Protein chains: 2
Amino acid sequence: MRWGFVLVLITYDVNTETSDGKARLRKVAKQCVNYGRRVQNSVFECILDNAQCLMLKATLEDIIDKEVDSLRFYYLGNQYKTKIESIGVERGIKVDETLIL
Amino acid sequence: MRWGFVLVLITYDVNTETSDGKARLRKVAKQCVNYGRRVQNSVFECILDNAQCLMLKATLEDIIDKEVDSLRFYYLGNQYKTKIESIGVERGIKVDETLIL
């Protein structure tokens with residue numbers, strides 16, 4: 001079965017009141033924005049195929065402090081445009097603008 | 001078509017360095033945990049039918065400051081258990097424990 005490109009929503013909970021926490025968030029963001037956009041301070045919408053997803057997960061797992069941080073992945077599939085709604089300010093760049101097929 | 005109960009992921013971006021921001025996050029959390037669990041500081045997994053979803057969205061829209069906050073809704077459907085992965089600490093209570101059908 002071909003996995004194809006799907007939207008993976010990544011949410012990261014880290015205490016940014018510490019400088020270590022801030023640094024980890026910066027590193028996580030740097031990795032995630034390679035594949036999509038930062039829609040909230042610690043929420044990233046990434047367009048990934050299966051291999052990229054495994055690689056990104058492993059990279060992020062190395063960055064975070066698993067004793068105190070929480071990282072969650074939500075798989076929205078490839079028909080994701082109808083599955084997202086937004087209220088309030090919008091930030092970041094469009095997912096599609098960074099998507100190279 | 002019957003909408004049924006689906007998982008709606010709600011992510012809220014608010015500046016909690018201000019007391020107003022903190023208060024809004026508390027109010028948003030209070031509404032969301034009626035329908036599910038707080039999995040991260042500002043990420044909520046809610047189990048909602050269509051009517052509850054419309055009601056909750058309207059309530060949250062009234063709480064937030066649309067000029068500065070961001071609220072996003074992701075519709076994960078009813079087969080959500082296979083669509084979520086977690087690394088690091090887990091917090092909150094199971095979605096199913098608060099689900100009364």
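Every chain is numbered from 1 and lettered A, B, ... according to where its sequence line falls, protein lines coming before strand lines. No experiment lies behind these values; they were computed from the predicted model shown. FYI, side chains are in, hydrogens and waters are out, and symmetry mates aren't considered; it's all heavy atoms of this structure.
Hydrophobic clustering, with ILVMFWY side chains joined whenever heavy atoms are under 4.5 angstrom apart, keeps A:L25 apart from B:V89.
The salt bridge (Lys or Arg N to Asp or Glu O under 4.0 Å) test applied to A:R24 returns A:D69, not counting sequence neighbours.
For the pair A:R72/A:Y12, no side-chain contact is recorded, criterion being any heavy-atom separation below 4.5 Å from C-beta on. In this structure, the side chains of A:E45 and A:Y74 stay at 4.5 Å or more apart for every pair of heavy atoms.
Residues of residues 54-66 of chain B lying under 4.5 angstrom from chain A, judged on non-hydrogen atoms, are B:K57, B:E61, B:I64, B:K66 by number.
Only the backbone of A:V68 comes within less than 4.5 Å of a heavy atom in chain B; its side chain stays farther off. For A:E17, no part lies near chain B; criterion is any non-hydrogen pair under 4.5 Å. Looking at A:L9, the atoms closer than 4.5 Å to chain B (heavy atoms on both sides) all sit in the side chain, from C-beta outward.
Environment of NZ in B:K83: crowded, with over 12 heavy atoms of neighbouring residues, nucleotides or ligands closer than 6.0 Å.
In this structure, B:R37 CZ and B:C32 SG are separated by 13.5 Å, a value rounded to the nearest 0.5 Å.
Between the side chains of A:E85 and B:Y75, at least one donor N or O sits under 3.5 Å from an acceptor N or O.
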